[in-house]
Protein chains: 2
Amino acid sequence: MQYSQLSALIRQKQSMLCVGLDSDLHHIPAHLLRSPDPIFEFNKQIIDATYPYAVAYKPNLAFYEALGARGWDSLARTMEYMPKDVFRIADAKRGDIGNTAALYARTFFETLHFDAVTLSPYMGKDSITPFLEYPDKWVIVLARTSNAGGADFQELKLQDGRHLYEAVIQKSSQWSSHERMMYVVGATQSEAIRHIRQLIPKHFLLVPGVGAQGGDLRAVLQYGSNEHGGLLINSSRGIIYASNGQDFAQVASKVAQALQEEIKQIMQW
Amino acid sequence: MQYSQLSALIRQKQSMLCVGLDSDLHHIPAHLLRSPDPIFEFNKQIIDATYPYAVAYKPNLAFYEALGARGWDSLARTMEYMPKDVFRIADAKRGDIGNTAALYARTFFETLHFDAVTLSPYMGKDSITPFLEYPDKWVIVLARTSNAGGADFQELKLQDGRHLYEAVIQKSSQWSSHERMMYVVGATQSEAIRHIRQLIPKHFLLVPGVGAQGGDLRAVLQYGSNEHGGLLINSSRGIIYASNGQDFAQVASKVAQALQEEIKQIMQW
């Protein structure tokens, strides 16, 4: 998906919502466990229910890998089912070099038809650029994450006064354009979002941590949005596990709609 | 596996060799492609051929994931087959938080019976510690990697004069003991190895990049070894793809043996 298409999708749906498919056999409604592929069945119903309000979906690969070969089947089925007019993110947080990175790129982009993959920057340029060889595919680099440990290294002060996460953004953003790269910035880091927006006015930011992790949606939108949208706001558990009864899809739909409406209202669309 | 067991294994086999199972359908001998599970068949023969000379094996997960569900089956079969008296490393380079990290830990340690998993430090403490809840299991944190891009961020100078990789080692080594943590340091970084050995005298270092990437074995052993061994020297392609004919296993055996003997000689065992 191209930058302009993503931007148009956001305008059309009046939404920046990304639904995180952290789908776990221990958390999905019990009645689904009788179906042949419970994780796929869950994802399918969640996608159907939230599609009017979401511009992106983000399966977290750990949840699928935890089930071994069966989990990969569920993921492949989910990706086949997923509509083509949403932005599809493989939340993999990979970081490996050369031929290994190239293999991951092939897996996520060719085999599974994702539009983007999340990557850790620690191994540097040659762990990122192999993913940029696929036209219209994106990399999403971890910058300032929302977890408690995010500060351990990302906030370290460099000799030139910058934080590590700023150096990561400034260096890596030279490896491609804003049309192929995004950054992960946690919703709890609204000051960092404000600062990052000054560093990179055009790039999209993928912002997890609204909802379950307590990030402030208004601050995120105020500091992080740009004229092209500029944000994908991720919510995972807050939507997909809003109910674990027979009504889980309906409730997920309502929660997604409420979030979309809140985004729309704050953005004054 | 416990620290003392790993140390004893190294003494017993007079080897620090780790064989990297970067097993790829495009590189294994053509005659194996007729077997029901070519990757497993390749791994099985490589393990049989190198077992006398190796103390550790390290499947690189990217190669298995690239094959989807089928690749996970090959990996699971390989791990079932692998002898229990070697140190088994999942080269996953994961880095994710809380419940996601816990899921990965379950997958690698419980389901697949690995002894250790490689992790990226960028997300900080809560991306590492969930893996430390399993007794006798290890985490291996990326410190100074051997790839060209390794310098992009790992060598950044901090305000206090340290490089980022030093800060990573000094901070993360407080999260557990040398009996549960190792660090990845590329064989091309012999100065870093010398320096790291001063920072953490007791920890094991996992050193890739001997062979194909041109690292100097003598310098690595001289600077990196300690009284408990202290090193796992990884070679992947240099061993497993030494021949791609019918004789691949025999040739792999010879190359592994030569490397073991070189280690033994330099260590003056």
Looking only at heavy atoms, which of residues 154-171 of chain A get nearer than 4.5 Å to chain B? Q154(A), L156(A), K157(A), L158(A), Q159(A), G161(A), L164(A), Y165(A), A167(A), V168(A), K171(A)
Let's test your reading of the structure: which of L112(A), D96(A), T129(A), T145(A) forms the most heavy-atom pairs below 4.5 Å with chain B? D96(A)
Could you pull out the closest heavy-atom pair between F153(A) and P121(B), with the gap in Å? CD1-O, 3.2 Å
Flag if over 12 foreign heavy atoms under 6.0 Å of CZ, R77(A): yes
Top of A151(A), S172(A), A143(A), A105(A) for chain B proximity - count of heavy-atom pairs under 4.5 angstrom: A143(A)
Here the pair of heavy atoms bringing A66(B) nearest to L103(A) is CB-CD2, 3.7 Å
Go through the steps to decide whether R70(A) and W72(B) satisfy the test side-chain contact (heavy atoms from CB on, under 4.5 Å), and finish with yes or no. CA-CA 9 Å; R70(A) 198 173 143 213; W72(B) 276 87; over 6 Å; no
Between G95(B) and K93(A) the two heavy atoms that sit nearest each other are O-CD, 3.2 Å
Which pair of heavy atoms, one from A62(A) and one from T100(B), lies closest together, and at what distance? CB-CG2, 3.1 Å
Under 4.5 Å from any heavy atom of chain A - which part of H27(B): neither
Would you call Y122(A) and V141(B) a side-chain contact if the rule is heavy atoms closer than 4.5 Å? no
So which of A148(A), G68(A), G71(A), G150(A) has the biggest tally of heavy-atom pairs under 4.5 Å with chain B? A148(A)
If you count heavy atoms of other groups shown closer than 6.0 angstrom to NZ of K125(A), is the number above 12? no
With a 4.5 angstrom heavy-atom cut-off, which part of L61(A) approaches chain B: side chain, backbone, both or neither? both
I need the residue from R144(A), R94(A), R106(A) with the largest number of non-hydrogen atom pairs under 4.5 Å to chain B. R94(A)
